[in-house]
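For reference, the structure is listed below as structure tokens.
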Amino acid sequence: MIDIDGLFETFFKKYLAENLGKMTEDEIENHVPELYVSFGKTPNEKLGGKSPEEYFKAFSDDDLIDALKESVKNGGDVPSFLCDEIESRGGLTDKLCELILTCRDDELATYCVNMLGKNVSENYLEGFVDIIADESAGESITESLTEFLRDSGDMVKEKIISVYSDNKKSPKKGNFIEIMSRMSPDDRIFDILCEELEGDEKNLSLNAAYIARYGDDRALPILERLIKKDGLSYYDFKELKNAIEELGGECNVKYKK
């Protein structure tokens with residue numbers, strides 16, 4: 001694949017030469033995003049007379065995936081024009097999902113997640129849950145999949161509950177709690193969130209935020225009891241207070257150092 005970043009560097013250097021002394025360094029820096037858009041629409045002889053946008057439109061689906069792999073392998077940023085073209089083709093969802101499940105490159109898998117649309121099948125979502133639970137999975141792909149599943153966790157609710165139950169002592173359990181806090185009402189989810197709130201003192205503020213996000217006011221008695229405990233950090237106190245108020249309660253407790 002042709003080095004798009006290299007072509008932009010040449011385009012940018014030409015712009016600098018033409019505007020030398022006419023603009024300040026800050027003005028030039030602020031102009032870079034606009035320049036990149038202009039570069040994407042400008043025909044380039046290195047691309048056979050096509051603009052960078054047109055160049056990728058001529059790629060087959062498989063060629064786009066291969067170009068993505070090559071870009072990540074070679075280091076540097078993946079051209080946004082390549083990402084835009086991949087995202088615009090809904091039929092690439094399965095190819096992206098397969099790559100996420102099979103590749104062992106944290107950066108490549110993360111790029112794939114960030115380009116996924118909404119129509120991902122349940123089978124792939126279950127595979128994403130397994131990746132999150134995998135202790136060898138990198139931080140970037142773990143966080144990206146957690147964020148993705150926050151909006152579609154209900155589709156694999158049973159899988160998530162099961163994997164969470166098997167990984168209660170894993171550092172990854174927090175990812176599943178975060179996903180569950182976005183799910184639709186379910187007594188099992190509520191019980192899990194309350195159990196974490198009461199049993200995990202190290203993550204008290206985080207679990208208070210999760211229970212507030214879940215929005216079930218049955219958690220108020222627990223929150224009201226916890227906020228009266230001695231030795232709370234100010235941050236924990238603040239998050240507990242916020243959770244109480246977000247669930248419709250009132251908090252008249254004053255913070256004690």
Side-chain angles (χ1 to χ4, degrees), residues 1-2 4-5 33 36-37 39-41 50-74 76-134 137-164 172 174-186 189 210 213-214:
M1 187 186 75
I2 295 173
I4 300 296
D5 286 341
Y36 197 70
V37 173
F39 164 70
K41 299 181 182 300
K50 296 178 180 178
S51 70
E53 289 181 355
E54 294 169 335
Y55 174 66
F56 288 112
K57 288 184 184 300
F59 278 38
S60 69
D61 289 353
D62 287 336
D63 285 343
L64 285 174
I65 295 298
D66 287 341
L68 173 63
K69 293 178 182 178
E70 183 181 345
S71 292
V72 173
K73 182 179 179 180
N74 291 338
D77 293 331
V78 176
S80 64
F81 311 110
L82 171 58
C83 295
D84 290 344
E85 184 60 28
I86 291 174
E87 287 185 72
S88 71
R89 299 192 192 183
L92 281 176
T93 296
D94 286 352
K95 292 182 183 294
L96 292 172
C97 287
E98 291 291 347
L99 200 49
I100 292 165
L101 296 179
T102 58
C103 83
R104 291 294 177 265
D105 187 307
D106 189 53
E107 184 180 5
L108 175 58
T110 301
Y111 265 110
C112 291
V113 174
N114 292 338
M115 289 187 283
L116 283 177
K118 299 293 184 182
N119 299 319
V120 176
S121 71
E122 185 176 323
N123 287 339
Y124 288 130
L125 294 178
E126 289 188 349
F128 294 171
V129 174
D130 289 330
I131 292 176
I132 293 173
D134 188 347
E139 181 178 354
S140 177
I141 186 60
T142 298
E143 293 304 320
S144 293
L145 287 174
T146 298
E147 183 175 347
F148 185 82
L149 284 172
R150 285 189 314 207
D151 296 326
S152 51
D154 276 326
M155 290 180 64
V156 283
K157 179 188 291 185
E158 301 305 321
K159 172 81 171 182
I160 289 174
I161 292 175
S162 174
V163 173
Y164 160 81
K172 298 289 193 80
N175 297 86
F176 295 114
I177 298 167
E178 181 177 353
I179 295 168
M180 286 188 281
S181 73
R182 304 273 185 147
M183 289 183 179
S184 57
D186 185 305
I189 301 296
Y210 287 153
R213 181 184 299 154
Y214 196 64

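Numbering of residues begins at 1 and proceeds along the displayed sequence. Just so it is clear, the values below take in all heavy atoms, side chains as well, and ignore hydrogens, waters and symmetry mates.
With salt bridges taken as basic N to acidic carboxylate O contacts below 4.0 Å, none links Lys57 and Glu53. Under the 4.0 Å criterion applied to side-chain N and carboxylate O atoms, Asp130 and Lys159 are assigned as salt-bridge partners.
In this structure, OH on Tyr210 lies 9.5 Å from CD1 on Ile179, to the nearest 0.5 angstrom. Of the inter-residue distances, the one linking Asn114 atom CG with Glu147 atom CD reads 7.5 Å to the nearest 0.5 angstrom. In this structure, the separation between CD1 on Ile141 and SG on Cys103 is 7.0 Å, given to the nearest 0.5 Å. Between the CD atom of Glu139 and the CG atom of Asn175 there is a distance of 9.5 Å, given to the nearest 0.5 Å. Note that NZ of Lys95 is 14.0 Å distant from CD1 of Ile100, once rounded to the nearest 0.5 Å. Phe176 CZ to Ser181 OG: the interatomic distance, rounded to the nearest 0.5 Å, is 13.5 Å.
Within the 3.5 Å criterion, the main-chain N or O of Gly40 finds a donor-acceptor partner in the side chain of Ser51. Judged purely by atom type and a 3.5 angstrom limit, Ser162 has no side-chain atom pairing as donor or acceptor with the backbone of Glu158. Of the possible polar contacts, none joining the Glu87 side chain to the Asp84 backbone as a donor-acceptor pair under 3.5 Å is found. Side chain of Lys172 to backbone of Ile132: a donor-acceptor contact under 3.5 angstrom is found. A donor-acceptor pair under 3.5 Å is formed between the side chain of Tyr214 and the backbone N or O of Ser184.
At a threshold of 4.5 Å between non-hydrogen side-chain atoms, the residues Ile4 and Phe56 count as touching. In this structure the side chain of Ser152 reaches within 4.5 angstrom of the side chain of Leu125, judged on heavy atoms. Contact check for Leu96 versus Ile65: side-chain heavy atoms found under the 4.5 Å cut-off. You'll find the side chain of Cys112 reaches within 4.5 Å of the side chain of Leu68, heavy atoms only.
A pairwise comparison of heavy atoms in Ile160 and Gly153 identifies CD1-O, 4.0 Å as the closest pair. Ile161 and Met180 make their closest contact through CG1-SD, 4.5 Å (heavy atoms, listed as atom of the first residue, atom of the second, distance). Pairing each heavy atom of Ser140 with each of Thr110, the nearest pair is OG-OG1, 2.8 Å. Of all heavy-atom pairs spanning Val113 and Ser144, the tightest one is CG1-O, 3.7 Å. Nearest heavy atom pair, residue Cys83 against residue Val78, reads SG-CG1, 3.7 Å. When all heavy atoms of Ile131 and Leu101 are compared, the closest pair comes out as CD1-CD2, 3.8 Å.
For an aromatic pair to be called close, the ring centres must be under 6.0 Å apart, and Phe148 with Tyr124 fails this.
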Quiz prompt | Ser71/Tyr111 under side chain to side chain contact (heavy atoms under 4.5 Å, CB included): CA gap, chis, key distance, verdict | solution = CA-CA 11 Å; Ser71 292; Tyr111 265 110; over 6 Å; no

Quiz prompt | Stepwise side chain to side chain contact (heavy atoms under 4.5 Å, CB included) check, Arg213 with Glu178 | solution = CA-CA 10 Å; Arg213 181 184 299 154; Glu178 181 177 353; 4.2 Å; yes

Exercise. For salt bridge (Lys or Arg N to Asp or Glu O under 4.0 Å), just list the numbers for Arg182 and Asp151, CA-CA rounded to whole Å, side-chain angles, deciding distance to a tenth of an Å, and then say yes or no.
Key: CA-CA 7 Å; Arg182 304 273 185 147; Asp151 296 326; 5.2 Å; no

Practice problem: Using the side chain to side chain contact (heavy atoms under 4.5 Å, CB included) rule, take Lys69 and Asp105 through it: C-alpha gap first, then chi angles, then the decisive distance, then the call. | Solution: CA-CA 10 Å; Lys69 293 178 182 178; Asp105 187 307; over 6 Å; no

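Ring planes of Phe59 and Tyr55: perpendicular class, angle over 60° (limits at 30 and 60°).
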